[in-house]
Amino acid sequence: MPAKGPSRSAPPRSGRLVEARRVEERFRRLLSAGVAIYSQRTLPDVLQQVVDTARDVVGARYAALGVLDTGGTRLAEFVTSGLDLAARTRIGDPPHGLGLLGLVIGEKRPIRAADLTCDPRRHGFPPHHPPMKSFLGVPITTGQTVFGNLYLTEKVGGAEFDAEDESIAVLLAGQAAVAVENARLLEQVRGMQRQRDLFFAMMNHELRNALTGVYGWAERLVRRKSPEAAEQAALEVYEGTERTITLLNNFLDLTRLDAGKVRPVWREVEPAAAVERALTGFAPAAEEKRISFKVDVPVPLAPFETDPVRLQQILVNLLSNAMRHSPSGGCIRVALRSKGDGIEFVVQDEGPGIPLEVQERIFEPFERFDPHSGLGTGLGLPVSRRLAEVLGGRLTVLSEPEKGAIFTLTLPSKGQT
């Protein structure tokens, strides 16, 4: 009896070995890809590593990762792989999640398409977009929430993506979800460490200096060498205690701002009245230092919507900064101006000025623009800039050495919701 030949329906043994080796090699690359993804420490690096890895392991000419907005319905960020900067610039704005991209967002499941150009679910490409046919989209889920979606186009070496490609993309999406969560946790840890460093910096520098002054003058007050000395010591103790309380309040505000826990309470505010209230508290110190105030309101400004408490806090911080750096006998100018659809509060001093190269640093906690002065900017300016942003505005500075500094707070004339 002749020996049976190989079954026509089964591939030759050598073919099966080649296929097994191909699959083994592919999953080995998938394992290495996971290690590369987990090795990244920042969220942007994780996202870029995911799309680069997916393009390589799945075998696609292009890959992208769309991060969803807080509502989970549109793309807020779009990270690409396979397109150089020139190509991305020609395409223009990134997609927002329509067509097949939106389908992956809405259905939260893998979706494949053989030809994007004729698929009825397509949205179309913008001008200068490279041609793409085959498509594979997979959601990236962290916990119960869809973080974003992984997209691959133009299958390398084939007409379309198959079930194996989809399985690998799903595995990569799972690895990406874990890496994204790890990166987020690491960012939270860094934030906590930053708060700790800020606290120790405050205790070591600003707070210790303030309390040392209070202690020194309190000691003189206890000794009561003369009525005049006692009166001056009492005043210094009062002002030093006030500065310490302000410093602690600013520090607490800074930690809440960094944590995103400050929410404005919108009220109608009269700009001129807000400035007058802020100036009133500086009258005794200005008299002692022989500093005058000049208020310039070219035209009456109508009331506008903002948080009156936070506006007052910013103005007090700006005036306190101007008082600290103004020379005895100087003048602090405060101006109110209408600017487009907003209002500008301008505080100008006659202090030593701020070099251009360090003007942004003064908005960082505990930075000094004059390292030889022994005076730090404290927390007033950093807190004020962050509060301005919370109110929908901005705080800027314009200054030259020996020509004073001009701080401009710009707020929208209508509160935000």
Item to check | Derivation and outcome, salt bridge (charged side-chain N to carboxylate O under 4.0 Å, His left out), residues Glu350 and Arg333 | outcome: CA-CA 9 Å; Glu350 296 178 346; Arg333 292 172 172 81; 3.3 Å; yes
Next on the checklist: How close do Val50 and Ala176 get, counting heavy atoms only, and between which atoms?
Outcome noted: CG2-CB, 3.6 Å
Item to check | From Thr410 atom OG1 to Leu395 atom CG, the distance as rounded to the nearest 0.5 Å | outcome: 8.5 Å
Item to check | Full working for side chain to side chain contact (heavy atoms under 4.5 Å, CB included) between Ile37 and Leu172 | outcome: CA-CA 9 Å; Ile37 292 172; Leu172 278 171; 4.2 Å; yes
Next on the checklist: Checking side chain to side chain contact (heavy atoms under 4.5 Å, CB included) between Pro271 and each of Val297, Ile343, Leu311, which is the one that passes?
Outcome noted: Ile343
Checklist entry - At their closest point, which heavy atom of Ile332 faces which heavy atom of Ser326, and how far apart are they? => result CG1-OG, 3.6 Å
Next on the checklist: I'd like to know if the side chain of Ser384 reaches the main chain of Gly380, judged simply by a donor and an acceptor atom lying under 3.5 Å from each other, with no hydrogens or angles considered.
Outcome noted: yes
Item to check | Heavy-atom donor-acceptor pair, Lys133 side chain to Glu160 backbone, under 3.5 Å | outcome: no
Checklist entry - Shortest non-hydrogen contact from Leu152 to Ala54? => result CD2-O, 3.5 Å
Next on the checklist: One pair to check against side chain to side chain contact (heavy atoms under 4.5 Å, CB included): Lys294 and Val334. What are the steps and the verdict?
Outcome noted: CA-CA 6 Å; Lys294 182 178 180 182; Val334 182; over 6 Å; no
Next on the checklist: Applying the side chain to side chain contact (heavy atoms under 4.5 Å, CB included) criterion to Lys108, which one of Thr141, Val146, Asn149 satisfies it?
Outcome noted: Val146
Item to check | Nearest-0.5 Å distance, CZ of residue Arg109 to CD of residue Glu107 | outcome: 4.0 Å
Item to check | Whether over 12 other heavy atoms sit under 6.0 Å from Asp84 CG | outcome: yes
Next on the checklist: side chain to side chain contact (heavy atoms under 4.5 Å, CB included) for Leu336 and Asp296? Distances and angles first, verdict last.
Outcome noted: CA-CA 6 Å; Leu336 279 174; Asp296 181 19; over 6 Å; no
Checklist entry - Just how far is it from atom OG1 of Thr117 to atom CE of Met132, taken to the nearest 0.5 Å? => result 13.0 Å
Next on the checklist: The criterion is salt bridge (charged side-chain N to carboxylate O under 4.0 Å, His left out); which residues satisfy it with Asp307, sequence neighbours excluded?
Outcome noted: none
Next on the checklist: Can you pull out every salt bridge (Lys or Arg N to Asp or Glu O under 4.0 Å) where at least one residue sits in residues 50-79? Sequence neighbours excluded, please.
Outcome noted: Arg29-Asp56
Next on the checklist: Tell me if a side-chain donor or acceptor on Ser399 pairs with a main-chain N or O of Gly353 at a distance below 3.5 Å.
Outcome noted: no
Item to check | Close side-chain approach of Val275 to Leu279, heavy-atom, < 4.5 Å | outcome: yes
Checklist entry - What are the two closest heavy atoms between Leu319 and Val347, and how far apart are they? => result CD2-CG1, 4.2 Å
Checklist entry - Above 12 or not: heavy atoms from other molecules or residues under 6.0 Å from CD of Glu164? => result yes
Checklist entry - Sequence neighbours excluded, which residues qualify as salt bridge (charged side-chain N to carboxylate O under 4.0 Å, His left out) partners of Glu268? => result none
Checklist entry - So, does Asp165 use its side chain to make a donor-acceptor pair with the main chain of Asp162 at under 3.5 Å? => result yes
Next on the checklist: Using the rule given for salt bridge (charged side-chain N to carboxylate O under 4.0 Å, His left out), can you reason through Glu270 versus Arg277, listing the C-alpha separation, both sets of side-chain angles and the distance that settles it, and then say yes or no?
Outcome noted: CA-CA 11 Å; Glu270 293 187 5; Arg277 282 194 300 271; over 6 Å; no
Checklist entry - Taking the inter-plane angle between the rings of Phe407 and Phe363 on a 0 to 90° scale, is it parallel (under 30°), tilted (30 to 60°) or perpendicular (over 60°)? => result perpendicular
Checklist entry - Is Arg385 paired with Glu360 through a side-chain N to carboxylate O contact shorter than 4.0 Å? => result yes
Next on the checklist: As an exercise, state the distance from CZ of Arg394 to OG1 of Thr396, rounded to the nearest 0.5 Å.
Outcome noted: 6.5 Å
Checklist entry - Any side-chain heavy-atom pair from Val170 and Ser167 closer than 4.5 angstrom? => result no
Checklist outcome for this item: Tightest non-hydrogen contact, residues Val180 and Leu43, listed as CG1-CD1, 3.9 Å
Item to check | Sidechain-backbone polar pair: Ser134 side chain, Lys155 backbone, donor-acceptor under 3.5 Å | outcome: yes
Checklist entry - Between the side chain of Arg88 and the main-chain N/O of Leu83, is any donor-acceptor distance below 3.5 Å? => result yes
Next on the checklist: Could you tell me if the side chain of Cys331 sits less than 4.5 Å from the side chain of Phe293, heavy atoms only?
Outcome noted: no
Item to check | Arg386 side chain to Pro382 backbone, donor-acceptor under 3.5 Å | outcome: yes
Item to check | Minimum heavy-atom distance between Phe304 and Ser413, given as atom pair plus value | outcome: CB-O, 3.2 Å
Item to check | Side chain to side chain, Val358 and Arg361, heavy atoms closer than 4.5 Å | outcome: yes
Item to check | Val346 backbone acceptor or donor facing Thr408 side chain under 3.5 Å | outcome: no
Checklist entry - Within a reach of under 6.0 Å around CD of Glu287, are more than 12 heavy atoms found that belong to other residues, nucleotides or ligands? => result no
Next on the checklist: Heavy-atom count check: over 12 atoms from other residues, nucleotides or ligands less than 6.0 Å from Glu181 CD?
Outcome noted: yes
Next on the checklist: Just checking Arg121: does its CZ atom have more than 12 heavy atoms from other residues, nucleotides or ligands closer to it than 6.0 angstrom?
Outcome noted: yes
Checklist outcome for this item: OG of Ser320 to CG of Leu315, rounded to nearest 0.5 Å, is 12.0 Å
Item to check | Euclidean distance, Glu154 CD relative to Phe135 CZ, rounded to 0.5 Å | outcome: 12.5 Å
Next on the checklist: Walk me through whether Arg122 and Asp119 qualify under salt bridge (charged side-chain N to carboxylate O under 4.0 Å, His left out).
Outcome noted: CA-CA 6 Å; Arg122 74 189 186 280; Asp119 194 293; over 6 Å; no
Item to check | Side chain to side chain, Leu257 and Val383, heavy atoms closer than 4.5 Å | outcome: yes
Checklist entry - With a 4.5 Å limit on heavy-atom distance, are the side chains of Tyr62 and Thr80 in contact? => result no
Checklist entry - Is any side-chain heavy atom of Glu305 closer than 4.5 Å to a side-chain heavy atom of Val269? => result no
Next on the checklist: Looking at Phe161, I'd like to know if the NZ or CZ of Arg112 sits under 6.0 Å from its six-membered ring centre while staying within 45 degrees of the ring's axis.
Outcome noted: no
Checklist entry - With side chains defined as the heavy atoms from C-beta onward, is the minimum distance between Gln313 and Asn317 less than 4.5 Å? => result yes
Item to check | Tyr151/Ile111 under side chain to side chain contact (heavy atoms under 4.5 Å, CB included): CA gap, chis, key distance, verdict | outcome: CA-CA 10 Å; Tyr151 306 112; Ile111 291 178; over 6 Å; no
Checklist entry - Does Gly404 offer a backbone N or O that forms a donor-acceptor pair with the side chain of Asp349 under 3.5 Å? => result no
